[in-house]
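Below is one structure; the comments refer to it alone.
Being a predicted model, the structure only gives us computed values, none of them experimental. For reference, positions follow the sequence shown, starting with 1.
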Amino acid sequence: MNIVLTGNSAIENLSKMSLPTVQLIKFTRENINSITRNCCSSVKDNVCIFVPRVSELLTCMLRDLKLDEAVNTLNYCLIELIEFYREHHKDCSITIANFQHLTEVGLEESLAKSLIEPIDQENMTIALFSEYFLATDEETKLVVEKFQACTKHSEFITTPPKKVLQLLVNQKFQSEQKINEMKKIINENQTQKDLLEIEARNYKSDLIRIEAESNSIQRVQIELKQKCQALQDKIEQLEKDLIASTIDKRILVEENNNFKLQVKEKEKLINSITEKYQICSALSKNKQKELDNYASLLSDKEKLVVDSNITIERLEKELSNSKDEIKSLVENLLDTQEMLEEGMIEKIDTYNSCETLSKELDNLKEKFKLSNNYQNWLVAALRNANRRLWAGNLVFRREVKKQSKDLAANNYFDVSLYTVNYPDVAKSKIDPIVHYLLFGAYECRNPSTEFNTLNYIQSYSDVANAGINPLLHFMYFGKLENRKANPFQKLLPPPSNCVK
């Protein structure tokens, strides 16, 4: 299937012709959607899409649409074609729509010439403006480069801005030459004065039209300046949000450390309660053994009482002694019972306190999980914000590159160790120093064995409050202020029996 996209206004009449091998479609949102979503939802045969130069499409759109609408339509249609090509790149190809390619697929020469609309003198200014806009607008230029990567032709590349300006200067110079020639003809040929006056009026009308077109170009430039100002405001707002998120992250880190200390204290308390419970259990077992012994002794005494009834007269003294012994045994038995009851009460209280502490521990774990999720969300938001600034803000990118050059000359950043400790950095193919400046510092990654990012922020609150990259602060200010690269690091003293 061959699909020819064109911005020519005559496509409505041409599309009514019966063309078995070629399908003619005008370059609009609706038609592109019908190609990418409805008509070609199940690609069975090879599809070849013929597209004119991007500047020609934008020139045709500016005849009927405003600049914003035309640029949005162009970007939307190109992105749809890019996504369609990436999904069906095995069965789909995108080719430049020139005279040679159109005639090769079976179109007549007259029809191919009518589809490739030449730029006349009236539309020359719009065409030159289209070339200049495509070469200077970063967003549209990026979309065109992605679209060109889907093709094998370089004709989609727009004309550089210097060449466009040179064409405008040449056009102005040619018009000035024509005016000078007309003045010479008026001076030399007085007999043709009436005809020359008519031609002069025509040239005046052309000048008025050119002025009107220049006014339209000025209005477009004003709109572009307004857009640039809006983008600058957004960038400033993103920087403010980044500073606020850094402060919130510091607060969360402090809360997380306090929470860990509380958890350790609770664990110590639980261990002590468990030890007490084990001691109480051992005591209760010993008391139970003593109670069994007392019970056996009581049964023996009862047997003695039965035997003593037979020889009551002979064993009266022994009976009185045995009664005293029985009384003492009963008292001991009561004391033992009270001790067991007290041990059971302590055991129940210990069990209840263990359950309460277990519930508190579960609540603390849940709070820690929530704070950890919020901290992960903040780190992800910082990564996305830096990624957008790196991709869309040239000033931010230059500043990061300058900082990376300064760090490259610093012994506190070990590139090889950084890539070994963090394999995801090596897989991402990003410069390790740039990765640390954009993401690594916010993820508390260490650039070397001598510098610890988290310890530096926790030790110096002024650095955390300022929101400065810790390694940059140490390199620019910390060394001069005699600050430590790893404040929590402690050096062990040398052994006393060191061999010299």
Does the pair H435 and Y422 meet the rule for a side chain to side chain donor-acceptor pair (under 3.5 Å), with working shown?
-> CA-CA 11 Å; H435 179 277; Y422 309 109; over 6 Å; no
Working for side-chain contact (heavy atoms from CB on, under 4.5 Å), residues I94 and F147 | CA-CA 9 Å; I94 299 176; F147 181 71; 3.7 Å; yes
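- Contact annotation: the side chain of N257 never approaches that of L261 to less than 4.5 Å [non-hydrogen atoms, C-beta and beyond].
- Heavy-atom minimum distance, T73 versus E69: OG1-O, 2.8 Å.
- Considering only heavy atoms from C-beta on, L472 comes within 4.5 Å of L437 through its side chain.
- Heavy-atom neighbours of Y476 OH from other residues, nucleotides or ligands within 6.0 Å: above the threshold of 12.
- Using a 4.5 Å heavy-atom cutoff, the side chains of V71 and F133 are in contact.
- Contact detail for V463 and P470: the closest heavy-atom pair is CG1-CA, 4.5 Å.
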Evaluation steps, side-chain contact (heavy atoms from CB on, under 4.5 Å), between N393 and L238 = CA-CA 11 Å; N393 192 338; L238 285 173; over 6 Å; no
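- Within the model, atoms CG of L224 and CD1 of I217 stand 11.5 Å from one another, a figure rounded to the nearest 0.5 Å.
- Put simply, NZ on K402 and CZ on R398 are 13.5 Å apart, with the number rounded to the nearest 0.5 Å.
- Ring geometry, Y418 versus F413: the interplanar angle falls from 30° to 60°, so the pair is classed tilted.
- No more than 12 heavy atoms of other residues, nucleotides or ligands lie within 6.0 Å of CZ in R388, so this atom counts as exposed by the packing criterion.
- Nearest heavy atoms, N486 versus E450: CB-O, 3.8 Å.
- The existence of a salt bridge linking K227 and D137 is excluded, since no basic side-chain nitrogen approaches an acidic carboxylate oxygen closer than 4.0 Å.
- When all heavy atoms of V400 and L438 are compared, the closest pair comes out as CG2-CD2, 4.1 Å.
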Under the side-chain contact (heavy atoms from CB on, under 4.5 Å) rule, what do V425 and I430 come out as? Steps first, then yes or no, please.
-> CA-CA 7 Å; V425 178; I430 302 176; 5.6 Å; no
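- Note: L67 CG to N72 CG = 9.0 Å, rounded to the nearest 0.5 Å.
- By the 4.5 Å heavy-atom criterion applied to side chains, M475 and L471 are not counted as neighbours.
- Pairing each heavy atom of N446 with each of N452, the nearest pair is OD1-CA, 3.5 Å.
- For the pair Y436 (side chain) and S404 (backbone), a donor-acceptor distance under 3.5 Å is absent.
- Distance alone, capped at 3.5 Å, places no donor-acceptor pair between the S358 side chain and the C354 backbone.
- Classification of R209 and E213 as a salt-bridged pair holds, one side-chain N sitting under 4.0 Å from a carboxylate O.
- Between L134 and L74, some side-chain heavy-atom pair lies under the 4.5 Å cut-off.
- One finds the CG atom of N75 at 9.5 Å from the CD1 atom of I82 (value rounded to the nearest 0.5 Å).
- Using a 4.5 Å heavy-atom threshold, the side chains of L389 and I235 count as touching.
- Remark: K234 NZ is loosely packed, at most 12 non-hydrogen atoms of other residues, nucleotides or ligands lying under 6.0 Å away.
- Between F84 and C92, the shortest heavy-atom contact is CE2-SG, 3.7 Å.
- In this structure the side chain of V253 reaches within 4.5 angstrom of the side chain of L454, judged on heavy atoms.
- Distance check: L382 CG to E443 CD gives 9.5 Å after rounding to the nearest 0.5 Å.
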Stepwise side-chain contact (heavy atoms from CB on, under 4.5 Å) check, F129 with L58 = CA-CA 10 Å; F129 173 74; L58 183 59; over 6 Å; no
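- Using cut-offs of 30° and 60° for the angle between ring planes, the F451 and Y456 rings count as tilted.
- With salt bridges taken as basic N to acidic carboxylate O contacts below 4.0 Å, one links R250 and E254.
- The CD atom of E481 lies 5.5 Å from the NE2 atom of H473; values are rounded to the nearest 0.5 Å.
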